[in-house]
Amino acid sequence: MLTLRGRAALAAGSTARWASRVTGRGAGAMIGGLVAMTLDRSILRQLGQDRRSVVVTGTNGKSTTTRMTAAALATLGPVASNSEGANMDAGLVAALAGTRDATLAALEVDEMHVPHVSDAVNPSVIVLLNLSRDQLDRVGEINHIERTLRGGLARHRDAVIVANCDDVLMTSAAYDSPNVVWVAAGGSWSGDSVSCPRSGEIIERNGRDWHSTGSDFKRPSPQWWFDDTHIYGPDGLTLPMTLALPGAVNRGNATQAVAAAVALGADPAAAVAAVSGVDEVAGRYRTVQIGSHTARILLAKNPAGWQEALSMVDKHGAGVVISVNGQVPDGEDLSWLWDVRFEHFDDTQVVAAGERGTDLAVRLGYAGVEHSLVHDTVAAIDSCPPGHVEVIANYTAFLQLNRRIS
């Protein structure tokens, strides 16, 4: 039940959102949420109460997993969700205010905001995907993020924690919680978890298993996992799973989304069918016509995400365009480019693009990748022979491209 002040705050936010739209300043979701929060600091708590919510967090895959979770929860009833990826307080307020009658919510939440957002909305389920190095000049050091998450989870011991047991840091964050559903969601990037976040000792790996050399901290046995064709769950559950989205990473995202929905009472088969139908996430993975080319657009934001995106690329098309900016949301320090393995391109035509295309071209040169440099991303696509082009872009380069082709 909203207070009188809360209703007034939402009305003011709605007016601000309308003004932003009609003046062409933007979609208005953020300004609407900010205005509402300024007028009533408890508005997020008011909007979150009386809902069964799933909070999804992690360095990579938040938007995709949230979209899949919303689809799976929709088999139970109406769902509120910040589907455009505005994952801090103002975006959450806007999403919840826009679907007031939904008793379910799937909320993408920035890692550092999870503790206070959870305090406000008291989620039924918290999904922990992965933690890896992001833009250090903007986000911060990941062991600090793990400790912050761990402290936040300690205040919500009734919540079901759906955690990726293949990720050392997320396992550590969830390890002390009494109600954990462990999911083998995968994690090909392990460069940021070579030591135990609890003891500081070395993490030793044997295939998918891992353990700390200085304590009994080790990979838990998963209750959910997947392979190339099926998803597996508790009590011998086995279901075929064919996704519209590419890559093993998305099979892991889907498995965690299904586990979260099942924890709230969804039928597993219905949940799998729902996540399988997700074919686009805020413009990611979609294929569009650009001149004489079809182009599939992938987003990558940090070394782990780039490694996963590069594994999805079809290297047999007309070309691959890699577009990199270095604005504040991307992280202005692009030294992470040297942590990404670009060496696997052979006969593929590669074009470096973006505002920091020159930095990328230097990295590609050292990787021995034949390439050209065309800073404008659309012009870079046009420079490829006619046919299908794969485009991988970091955050602001991705947004700029989508605005131009919308």
Side-chain angles (χ1 to χ4, degrees), residues 1-57 62-67 69-71 73-74 77-127 138-139 152 155-156 280-284 327-329 395-396 398-400 402-403 406:
M1 180 70 68
L2 289 172
T3 64
L4 181 61
R5 184 187 184 103
R7 290 195 294 271
L10 289 181
S14 179
T15 300
R17 184 167 59 252
W18 172 83
S20 178
R21 287 174 176 170
V22 298
T23 58
R25 293 175 181 267
M30 291 297 292
I31 188 62
L34 286 169
V35 167
M37 289 168 53
T38 301
L39 295 177
D40 188 340
R41 295 177 65 181
S42 70
I43 192 63
L44 180 57
R45 177 186 59 77
Q46 293 181 54
L47 289 168
Q49 66 186 359
D50 301 324
R51 303 187 202 239
R52 294 192 298 160
S53 299
V54 177
V55 162
V56 179
T57 197
K62 290 189 293 290
S63 295
T64 300
T65 307
T66 302
R67 175 70 185 85
T69 301
L73 290 179
V79 182
S81 187
N82 50 336
S83 57
E84 296 304 313
N87 60 22
M88 299 184 191
D89 298 35
L92 298 172
V93 167
L96 293 172
T99 320
R100 297 265 295 278
D101 60 340
T103 58
L104 298 164
L107 303 175
E108 172 187 339
V109 182
D110 178 86
E111 300 93 290
M112 291 299 286
H113 286 241
V114 168
H116 75 259
V117 168
S118 296
D119 292 344
V121 306
N122 193 27
S124 301
V125 180
I126 301 174
V127 178
R138 184 177 67 85
V139 177
R155 300 196 295 271
H156 294 275
E280 181 183 331
V281 181
R284 305 166 198 187
Q327 299 180 24
V328 170
Y395 187 69
T396 64
F398 174 86
L399 293 179
Q400 289 170 356
N402 273 282
R403 280 196 293 268
S406 296

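Separating the CZ atom in R100 from the CG atom in D50 is a distance of 12.0 Å, to the nearest 0.5 Å. Here M88 contributes atom CE and D110 contributes atom CG; the two are 4.0 Å apart, rounded to the nearest 0.5 Å. Distance check: E108 CD to R67 CZ gives 13.0 Å after rounding to the nearest 0.5 Å. In this structure, T69 OG1 and L107 CG are separated by 10.5 Å, a value rounded to the nearest 0.5 Å.
Taking each heavy atom of Y395 and P329 in turn, the nearest pair found is CD2-CB, 3.7 Å. When every heavy atom of M37 is checked against every heavy atom of D89, the shortest pair comes out as CE-CB, 3.5 Å. Of all heavy-atom pairs spanning A74 and V79, the tightest one is N-CG2, 3.6 Å. For the pair T99 and A80, the tightest heavy-atom approach, listed with the atom from each and the gap, is CB-CB, 3.7 Å. The two residues G33 and V93 make their nearest non-hydrogen contact at CA-CG1, 4.1 Å. Nearest heavy-atom pair, P123 versus I126, reported as atom, atom and distance to 0.1 Å: CG-CG1, 3.7 Å.
In this structure, the side chains of R52 and L73 stay at 4.5 Å or more apart for every pair of heavy atoms. In this structure, I43 and L2 have side chains that are in contact, with non-hydrogen atoms separated by less than 4.5 Å. Counting heavy atoms from C-beta outward, N122 and R45 have side chains that stay 4.5 Å or more apart. Contact annotation: the side chain of P115 approaches that of R155 to within less than 4.5 Å [non-hydrogen atoms, C-beta and beyond].
With S53 contributing its side chain and A105 its backbone, the two residues share no donor-acceptor pair below 3.5 Å. A distance-only check finds a donor-acceptor pair linking the side chain of R51 to the backbone of L96 [under 3.5 Å]. Judged by distance alone, with hydrogens and angles left aside, the side-chain atoms of T57 form a donor-acceptor pair with the main-chain N or O of V109 at under 3.5 Å. Between the side chain of N82 and the backbone N or O of L92, no donor-acceptor pair lies under 3.5 Å. The main-chain N or O of L10 is never found under 3.5 Å from a side-chain atom of S14 such that the two would form a donor-acceptor pair.
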Step-by-step side chain to side chain contact (heavy atoms under 4.5 Å, CB included) determination, Q327 to Q400: CA-CA 12 Å; Q327 299 180 24; Q400 289 170 356; 3.2 Å; yes

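In this model, no donor atom of one side chain and acceptor atom of the other lie less than 3.5 Å apart for N87 and H113.
Partners of T103 under the side-chain contact (heavy atoms from CB on, under 4.5 Å) rule, at least two apart in sequence or in another chain, do not exist in this structure.
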